[in-house]
Protein chains: 2
Amino acid sequence: MNAADGALRLENQLCFALYAASRAVIQAYQPLLKPLGITYPQYLALLVLWEGGSPRVGEIGERLDLDSATLTPMLKRMEKQGLLARDRQTVDQRQVRIRLTPAGKRLKSKAVGIPHTLACRYGAESIRQLLGLRDSLHDLRGRVRAGAPATA
Amino acid sequence: MNAADGALRLENQLCFALYAASRAVIQAYQPLLKPLGITYPQYLALLVLWEGGSPRVGEIGERLDLDSATLTPMLKRMEKQGLLARDRQTVDQRQVRIRLTPAGKRLKSKAVGIPHTLACRYGAESIRQLLGLRDSLHDLRGRVRAGAPATA
DNA sequence: AACTAATATATCGTATACGATCTAAAAGTC
DNA sequence: GACTTTTAGATCGTATACGATATATTAGTT
């Protein structure tokens, strides 16, 4: 019943609110992604690829904040599903470019309705609120990451 | 370049803002949790246990939104580390109660400073903003979960 | 009491995450 | 040009998540 109890209470933690909300939203995507045969992280990778171009593994990683330890196996699974191809470059043989197959490109048309469907499921009073929340989260991420390097 | 492109742009997605911010914040916890020898989900379970009592696996799961498939292995790891004990009840042999060992209780004193340290790392202009963000996230989680049952 | 339904965990399989390390190739240096 | 450093991915080990199923036990029904 001391002061620390309030500070350590689960529901008071911003981190838990984030963790729980993130998982809840990802679960809300499941019924929409299952018909497409993809997982939520795969959907994020496809969002990057649908924007065009043939990014390298590392470029996708920069967008999603994921490293090759996560991306390489995931991209290989997507390759096996026929959604994309992984081409090791000849100019710089360290690099691997990712490009969508026709099947991967076709999925985009099936996905266009997803953001709107989810926006409805968010059930917010106003879109503006959701946009504000989104921007606050991007800000928070930036501040937390900025504070990360102990050498700064 | 049609309207759908904006809707499918990665940075426009609230879900991605959540996903990325959640992972960034969890990573910010790592340097603080490593000295305690625990992971972030284990820290969340300890927050529940430090509140007192000997909750069942399912009760911890209700608080954290996690099921036994995730909790049972995690709690077993924590048991092996000597942080807690898993007692199958004799009254109802299906139930397993979790109670902290002295070592598990001692960890609390090492953790009391963590929320404050993180609050600083969030680098927000005001605490009020962070509290507002936290509450918005809890609201969002409630709305998304409420919309989940397709039979409702 | 025998049978059925519901409940509480546990287990299994698959897919992330991520720190640490490995490998190969490119870049920089003397 | 041989040597060192850096870089891009890949691999390994461990720890979550979570849908699906299994197991054991209790509750409910007739």
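Chain letters run A, B, ... following the sequence lines, proteins first, then strands; residues in each count from 1.
B:Leu18 pairs with exactly one of A:Leu133, A:Val25, A:Ile26 by the side chain to side chain contact (heavy atoms under 4.5 Å, CB included) rule, that one being A:Val25.
Relative ring orientation between B:Tyr43 and B:Tyr29 is described as tilted, the plane-to-plane angle lying within the 30° to 60° band. Relative orientation of the B:His138 and A:Phe16 rings is tilted, given thresholds of 30° and 60° on the angle between their planes.
B:Gln93 has its CD atom 13 Å from the P atom of C:dT9, to the nearest Å. Remark: P of C:dA8 and CG of B:Leu66 are 17 Å apart, rounded to the nearest angstrom. One atom, CZ of B:Phe16, and another, P of C:dT16, lie 15 Å apart when rounded to the nearest Å. In this structure, B:Leu75 atom CG and C:dT11 atom C1' are separated by 15 Å, rounded to whole Å. Across the protein-nucleic acid pair, B:Asp67 atom CG and D:dA17 atom C1' stand 8 Å apart, rounded to whole Å. Atom CG of B:Asp65 and atom P of D:dT16 are 17 Å apart (whole Å). Separating the CG atom of B:Leu46 from the P atom of D:dT16 is a distance of 11 Å, rounded to the nearest angstrom. Note: CG (A:Leu64) to P (C:dT16) measures 12 Å, nearest angstrom.
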| query | Along nucleotides 8-13 of chain D, 5' to 3', which nucleotides get a B, which get an S, and which get a -, given that the test is a protein heavy-atom distance under 4.0 Å? | reply | SBBBB-
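Nearest-nucleotide mapping onto DNA chain C: of A:Val91 and A:Met74, the residue sitting toward the 5' end is A:Met74.
Remark: side-chain polar atoms of A:Arg86 are not paired, donor with acceptor, to backbone N or O of A:Glu79 under 3.5 angstrom. Remark: side-chain polar atoms of B:Asn12 are paired, donor with acceptor, to backbone N or O of B:Gly6 under 3.5 angstrom.
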| request: Would you sort out whether A:Arg99 and A:Asp87 count as a side-chain contact (heavy atoms from CB on, under 4.5 Å), showing the intermediate values? | output: CA-CA 8 Å; A:Arg99 70 183 154 78; A:Asp87 309 318; 2.6 Å; yes
| task | Walk me through it: do A:Glu51 and A:Arg63 pass the test salt bridge (Lys or Arg N to Asp or Glu O under 4.0 Å)? | result | CA-CA 12 Å; A:Glu51 288 177 10; A:Arg63 295 291 297 282; 3.1 Å; yes
| request: Check step by step if side-chain contact (heavy atoms from CB on, under 4.5 Å) holds for A:Ser109 and A:Trp50. | output: CA-CA 10 Å; A:Ser109 62; A:Trp50 286 332; over 6 Å; no
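Near DNA chain C, defined here as any heavy-atom distance below 4.0 Å, the residues from residues 17-45 of chain B are B:Tyr19, B:Arg23, B:Gln27, B:Lys34, listed numerically.
Note that CG of B:Leu71 is 10.0 Å distant from CE of B:Met78, once rounded to the nearest 0.5 Å.
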